[in-house]
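For reference, the structure discussed in these notes is given below.
Ligands are counted one by one from 1 in listed order, and the atoms in each one are counted from 1 as well.
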Amino acid sequence: MARELYTARLEKKDCISESAQCYHFEFVLDELERFNFAPGQFVSAVAEDENGKPQTRAYSLASAANGKRFDLCVHRVHGGSFPYHLADLPDLPIGGTIRIHGPHRHFVLHEPITDSILIATGTGIAPMRGFLQGLFPTTGEDLSQGKQIWLVFGTRYESELYYREEFEALAAARPNFHYLPTLSRAPESWAGLRGYVQEHVGRIVEERAQRLGLPFPAPAPDPTLLASELKFDIYAYICGLNNMVSGVRELLTGFGWHRKQIVFERYD
Ligand SMILES: Cc1cc2nc3c(=O)[nH]c(=O)nc-3n(C[C@H](O)[C@H](O)[C@H](O)COP(=O)(O)OP(=O)(O)OC[C@H]3O[C@@H](n4cnc5c(N)ncnc54)[C@H](O)[C@@H]3O)c2cc1C
């Protein structure tokens with residue numbers, strides 16, 4: 001079945017890291033009353049290649065639903081094979097348009113909201129920004145319900161901490177949100193966390209178990225329960241390239257976590 005294609009008009013484009021060639025985009029879908037999606041979902045950009053064959057690339061929505069608007073956070077991959085790169089859309093006021101379909105898939109938060117560890121590297125931050133906008137809207141009700149929400153964001157350098165000011169401001173305003181940026185190639189002057197996301201995720205899980213008096217590693221769930229009957233009081237949401245995603249999944253499984261507690265999106 002042919003998917004419905006929409007034309008999205010560029011309204012804002014910012015290079016948010018020159019060194020990593022990462023861009024923040026804001027688009028508007030003029031033809032829709034409202035673009036409804038759940039934080040964490042993605043859209044597919046469509047373009048024809050030189051042989052007229054349609055090519056698609058998935059991009060996570062980097063915002064929560066907001067009228068006809070949506071944001072993307074896209075890294076320029078050198079030697080990429082998509083017919084054009086979003087980063088090459090002309091700057092405003094000329095702007096430009098892209099064709100998309102979606103929203104798609106199920107990288108979404110479990111309801112009811114539980115304690116959650118959001119783990120991202122690189123542009124894997126995009127759906128996490130959407131989750132956080134959904135949980136902590138700037139106007140209206142706080143939907144986090146007082147649950148503890150950690151964002152562990154790994155990059156190489158400080159210049160690649162996308163949306164840093166936003167997350168720092170959120171952490172200062174919401175005591176149940178914890179922003180943990182970690183640099184794998186930190187200079188000596190960096191006073192924050194160092195190393196890969198795995199190390200910090202491990203610490204969060206262990207300290208939480210101690211604080212709540214829970215066994216660590218966690219015991220296996222009751223084998224007589226169906227998967228649909230299992231209830232968890234914490235989930236992990238992981239997004240980025242496969243290497244990191246697999247590493248974190250392995251780590252959490254080693255702590256006795258059930259596979260249903262580990263929700264992930266891989267970009268490659
Ligand atoms: C569900 C889903 C959501 C995605 N969301 C985003 C997003 O929000 N932002 C984004 O930049 N990309 C995202 N991607 C990746 C995106 O779809 C493309 O694969 C990427 O833009 C590269 O396309 P290309 O044509 O330039 O290169 P290709 O020729 O398709 O890929 C070249 C190589 O680039 C690597 N690669 C793919 N994505 C990235 C990345 N983000 N950072 C570093 N290396 C990468 C892969 O290993 C691949 O082998 C997502 C992918 C999926 C499956």
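Within 6.0 Å of CG on Asn242 lie more than 12 heavy atoms contributed by other residues, nucleotides or ligands. In Glu33, the CD atom is not crowded: 12 or fewer heavy atoms of neighbouring residues, nucleotides or ligands sit closer than 6.0 Å.
No donor-acceptor contact under 3.5 angstrom links the side chains of His110 and Tyr237, judged on distance only. Inspection of the Ser184 and Arg156 side chains reveals no N or O donor paired with an N or O acceptor under 3.5 Å. For the 3.5 Å distance criterion, the side chains of Gln41 and His104 fail to qualify, holding no donor opposite an acceptor. Between the side chains of Tyr157 and Ser17, not a single donor N or O lies within less than 3.5 Å of an accepting N or O.
Protein residues with any heavy atom under 4.0 Å from ligand 1: Phe42, Arg57, Ala58, Tyr59, Ser60, Cys73, Val74, His75, Val77, Gly80, Ser81, Phe82, Thr123, Ala126, Leu241, Glu265, Arg266, Tyr267, Asp268.
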